[in-house]
Amino acid sequence: QVQLVESGGGSVQAGGSLRLACAASGYTASTYWMGWFRQAPGKEREGVAAIYTRDGSTYYADSVNGRFTISQDNAKNALYLQINNLKPEDTAIYYCASSHRFSIRTQPLKTSDFGYWGRGTQVTVSS
């Protein structure tokens, strides 16, 4: 079992920045991938970024590339998402997820490839 706890969400104005964090605990040794997903009201959950934990390779959804940066701190079992130039359409609940699969689909990211999820952190962007 893996436990994931997100933090760092909040309410910001358009153009601002946030850094989301995810603390992982439990059986993390078998984690190959970690990712960030988001879900806006009335919309499906979508993957925005993922990282292959073994070598740090990163993948981004086209809609966020250039504004979002995913990173990890293996010593702390932590995952981060830096979000710059926030837009009102970024408003959503952001979820951290981990996968014990060696290979996943990255374009687009699939929720079914990730077996462990946090409860999410709310990001609200006002114009």
Side-chain angles (χ1 to χ4, degrees):
Q1 287 285 351
V2 175
Q3 293 79 42
L4 303 170
V5 180
E6 303 94 336
S7 61
S11 297
V12 298
Q13 289 191 330
S17 299
L18 281 175
R19 189 190 192 210
L20 307 183
C22 173
S25 61
Y27 194 57
T28 60
S30 294
T31 296
Y32 284 93
W33 293 88
M34 294 196 74
W36 287 97
F37 289 72
R38 66 184 181 185
Q39 188 165 18
K43 295 188 176 181
E44 292 187 356
R45 192 169 298 189
E46 65 165 342
V48 296
I51 188 166
Y52 182 59
T53 63
R54 305 308 167 99
D55 67 6
S57 297
T58 57
Y59 301 87
Y60 297 94
D62 290 340
S63 60
V64 304
N65 207 357
R67 296 191 300 120
F68 287 29
T69 303
I70 188 171
S71 61
Q72 63 181 356
D73 185 334
N74 289 337
K76 296 182 179 180
N77 280 336
L79 182 73
Y80 304 99
L81 185 69
Q82 177 71 39
I83 311 175
N84 297 327
N85 190 22
L86 277 156
K87 303 176 180 181
E89 52 264 40
D90 294 321
T91 295
I93 299 175
Y94 284 71
Y95 298 91
C96 172
S98 71
S99 175
H100 287 184
R101 293 187 177 187
F102 176 72
S103 178
I104 67 168
R105 182 173 179 176
T106 56
Q107 289 293 346
L109 292 167
K110 296 176 59 179
T111 56
S112 57
D113 280 335
F114 291 79
Y116 300 96
W117 295 84
R119 293 189 175 185
T121 185
Q122 176 72 48
V123 172
T124 303
V125 185
S126 58
S127 57

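When a residue number appears, it is its place in the shown sequence, counting from 1. What you are looking at is a predicted structure, and each value in this text was computed from that prediction instead of being measured.
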To the closest 0.5 Å, what do you measure between [atom1] ([X]) and [atom2] ([Y])?
X: Q3; Y: C96; atom1: CD; atom2: SG; value: 12.0 Å
X: Q13; Y: S127; atom1: CD; atom2: OG; value: 9.0 Å
X: Q72; Y: N77; atom1: CD; atom2: CG; value: 10.0 Å

For residues [X] and [Y], report the shortest heavy-atom separation together with the two atoms involved.
X: Y95; Y: G118; answer: CD2-O, 3.5 Å
X: F114; Y: G35; answer: CE2-N, 3.7 Å
X: R101; Y: Y32; answer: O-CB, 3.2 Å
X: R45; Y: F37; answer: CG-CB, 3.8 Å
X: T28; Y: A24; answer: CG2-CB, 4.0 Å
X: Q82; Y: S17; answer: NE2-CB, 3.9 Å

Could you tell me whether a side-chain N or O of [X] sits under 3.5 Å from a main-chain N or O of [Y], the two making a donor and an acceptor?
X: W33; Y: F102; answer: yes
X: T91; Y: P88; answer: yes
X: E6; Y: R119; answer: yes
X: R105; Y: K110; answer: no
X: T31; Y: S99; answer: no

message: Using a 4.5 Å cut-off between side-chain heavy atoms of Ile, Leu, Val, Met, Phe, Trp and Tyr, which other residues end up in the same hydrophobic cluster as Y60?
response: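 Traced through the cluster, Y60 reaches V2, L4, V12, L18, L20, M34, W36, V48, I51, V64, F68, I70, L79, L81, I83, L86, Y94, Y116, V123, V125.
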query: Taking C-beta and beyond as the side chain, do R38 and D90 meet within less than 4.5 Å on heavy atoms?
result: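 Touching, per the 4.5 Å side-chain cut-off.
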- prompt: Does Y27 have any ring pair (Phe, Tyr, Trp, His ring centres under 6.0 Å) partners at least two apart in sequence or in another chain, and if so, which?
  reply: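 Scan of Y27 (ring pair (Phe, Tyr, Trp, His ring centres under 6.0 Å), adjacent residues dropped) gives none.
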